[in-house]
Amino acid sequence: MYNVENIQQMIQTYGGFTMFLPAFLICVIYAFCSTKESEKKRLTFVFLLSILFIFNDLSIKLVGRITGIATYYRFLWAVPILPMIAWAGTKAVSEREKLWERAMVLGLLACLFWGGKNSFVVEGTIRIPENAYNLAEDVIQVCEMIEKDKDKERPVVIFDLGCQMQSRLYDPSLIWGISRKAYQTHNNTAGYEDVKKYIAEKAMIRAVNYGIKGEEERLSKALKKKKVDYVVTLTLYEMSDYLEQVGYELLGTTLERSVYVRKEE
């Protein structure tokens, strides 16, 4: 949800170009037309609240300053889009006496199955998870390797981005040495000209996420500043000799990644 400037961009970035939102609005109108007067008042109240607090660009600017615009999309979770569609579809089918209700059901089906790339049921959208955690086996192996070796309850670990996002789902005790915000704002191979607050994390991102070498002194200072216990990076980067120079030795490897541990001083 990064680099969005308004609600429309946020909805498209979060949900893709699907017809779920138009379908939801159709269902809201249907609910308003087919419910009792007291329920209409509730719907009106909820509608006004959503316009005031969610669906306007002023709210994204004000709340975004506090929570960060990158996480503002979570406010959409307060809007019961799929439950409303399911309710309206069920109601229209069970009370299919009127022709316009039957037509609405057909319209909903069209929106859901032909309304956009994210709503297609095609090969690859349904799959059997590799394991009970629905995480990559490689990430699980990395976390278990650290678990067996660690001598503290909550070690600090820096990961390549792909591994970091899944690692905490498997082992919440791991502390990220590279913050989520740093990865959001400085996940590139550029230098340090436009970096202020996240200089140390930028050095670590360049090393573990891109395999950039030649900054031993800067990386060493960053690792000490963040008190990093383990370094996880892609094996193809061949970082063993480089990380040896900054005080980390190879602990083990998986199919895709290498895990390094801080050497005892």
Side-chain angles (χ1 to χ4, degrees), residues 1-4 13-16 68-71 73-74 117-118 123-150 154-192 195 198-215 218-219 222-223 226-243 246 248-262:
M1 305 314 106
Y2 315 131
N3 300 320
V4 296
T13 303
Y14 181 69
I69 290 180
T71 57
Y73 69 94
R74 294 175 183 172
K117 61 183 180 181
N118 285 5
E123 182 180 358
T125 58
I126 300 176
R127 64 180 181 84
I128 299 175
E130 297 180 33
N131 49 66
Y133 306 97
N134 195 22
L135 298 173
E137 286 288 349
D138 192 77
V139 173
I140 293 176
Q141 292 171 15
V142 165
C143 293
E144 290 182 343
M145 194 182 303
I146 294 173
E147 173 66 26
K148 292 177 181 178
D149 182 77
K150 68 181 184 181
R154 304 199 66 194
V156 179
V157 189
I158 61 171
F159 302 87
D160 62 277
L161 181 59
C163 189
Q164 172 159 313
M165 300 306 291
Q166 296 190 48
S167 64
R168 284 269 291 274
L169 295 175
Y170 184 78
D171 187 353
S173 70
L174 301 178
I175 298 175
W176 288 347
I178 301 174
S179 67
R180 184 172 183 267
K181 185 70 173 179
Y183 256 130
Q184 288 175 358
T185 54
H186 298 293
N187 183 27
N188 53 57
T189 59
Y192 302 87
V195 183
Y198 301 105
I199 292 179
E201 290 168 286
K202 175 70 173 184
M204 295 187 290
I205 289 174
R206 284 165 59 86
V208 299
N209 206 46
Y210 295 99
I212 295 176
K213 306 180 182 70
E215 313 184 315
R218 186 188 292 272
L219 179 60
L223 293 168
K226 294 295 182 177
K227 299 179 180 179
V228 175
D229 299 297
Y230 296 92
V231 175
V232 180
T233 187
L234 298 176
T235 302
L236 63 86
Y237 291 154
E238 299 181 350
M239 301 289 282
S240 295
D241 292 340
Y242 180 59
L243 291 176
V246 295
Y248 290 77
E249 60 185 1
L250 183 65
L251 176 64
T253 61
T254 65
L255 186 62
E256 298 180 8
R257 293 178 170 88
S258 296
V259 180
Y260 300 87
V261 60
R262 184 174 57 197

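Side-chain N or O atoms of Lys226 include none that pairs as donor or acceptor with a backbone N or O of Ala200 at under 3.5 Å. Here the side chain of Lys202 pairs a donor or acceptor atom with the backbone of Asn188 at under 3.5 angstrom.
Under the salt bridge (Lys or Arg N to Asp or Glu O under 4.0 Å) criterion, Glu215 pairs with Arg206, sequence neighbours left out. The salt bridge (Lys or Arg N to Asp or Glu O under 4.0 Å) search around Glu147 returns Lys150, not counting sequence neighbours. Evaluation of the side chain to side chain donor-acceptor pair (under 3.5 Å) rule for Tyr230 yields Asp149 as partners, not counting sequence neighbours. Under the rule for a salt bridge (Lys or Arg N to Asp or Glu O under 4.0 Å), the partners of Asp138 that lie at least two apart in sequence or sit in another chain are Arg257. By the ring-ring contact (aromatic ring centres under 6.0 Å, His included) test, Tyr170 pairs with Tyr133, sequence neighbours left out. Residues forming a side chain to side chain contact (heavy atoms under 4.5 Å, CB included) with Tyr237 (at least two apart in sequence, or on another chain): Thr233, Leu234, Met239. Applying the salt bridge (Lys or Arg N to Asp or Glu O under 4.0 Å) test to Asp171 and every residue at least two apart in sequence or in another chain returns nothing. Scored by the side chain to side chain contact (heavy atoms under 4.5 Å, CB included) test, Thr185 finds Lys181, Tyr198 as partners (sequence neighbours excluded). Applying the side chain to side chain donor-acceptor pair (under 3.5 Å) test to Tyr248 and every residue at least two apart in sequence or in another chain returns nothing. Applying the side chain to side chain donor-acceptor pair (under 3.5 Å) criterion to Asp241, with sequence neighbours excluded, gives no partner residue. Partners of Ser258 according to the side chain to side chain donor-acceptor pair (under 3.5 Å) rule, which considers only residues two or more places apart in sequence or in another chain, are Thr235. When the side chain to side chain contact (heavy atoms under 4.5 Å, CB included) test is applied to Asn187, the partners found at least two apart in sequence or on another chain are Leu161, Tyr183, Ile205, Asn209, Tyr210.
Distance check, rounded to the nearest 0.5 Å: CG of Leu243 to CD of Glu238 gives 12.5 Å. If you take CH2 on Trp176 and CD on Gln164, they are separated by 5.0 Å, rounding to the nearest 0.5 Å. Between the CG atom of Asn131 and the CD1 atom of Ile140 there is a distance of 3.5 Å, given to the nearest 0.5 Å. How far CG of Leu219 is from CE of Met204: 8.0 Å, rounded to the nearest 0.5 Å. Remark: Asp160 CG to Met165 CE distance equals 12.0 Å, nearest 0.5 Å. Going from atom CD of Gln166 over to atom CG of Asn134 covers 8.5 Å, rounded to the nearest 0.5 Å.
Here the shortest heavy-atom pairing between Tyr192 and Ala203 reads OH-CA, 3.3 Å. The minimum heavy-atom distance linking Pro155 with Ile146 is given by the pair CG-CG2, 4.2 Å. Taking all atoms of both residues into account, the shortest heavy-atom contact from Ile158 to Gly177 is CG2-CA, 3.7 Å.
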Test side chain to side chain contact (heavy atoms under 4.5 Å, CB included) applied to Val142 and Ser167, step by step: CA-CA 8 Å; Val142 165; Ser167 64; over 6 Å; no
Derivation of the side chain to side chain contact (heavy atoms under 4.5 Å, CB included) call for Val259 and Gln141: CA-CA 10 Å; Val259 180; Gln141 292 171 15; over 6 Å; no
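Residues Asp229 and Val157 have side chains not in contact (no heavy-atom distance under 4.5 Å, counting atoms from C-beta outward). You'll find the side chain of Met145 reaches within 4.5 Å of the side chain of Thr254, heavy atoms only. Between Val231 and Val246, every side-chain heavy-atom pair lies at or beyond the 4.5 Å cut-off.
Counting heavy atoms of neighbouring residues, nucleotides and ligands inside a 6.0 Å radius, atom CD of Glu249 exceeds 12 of them.
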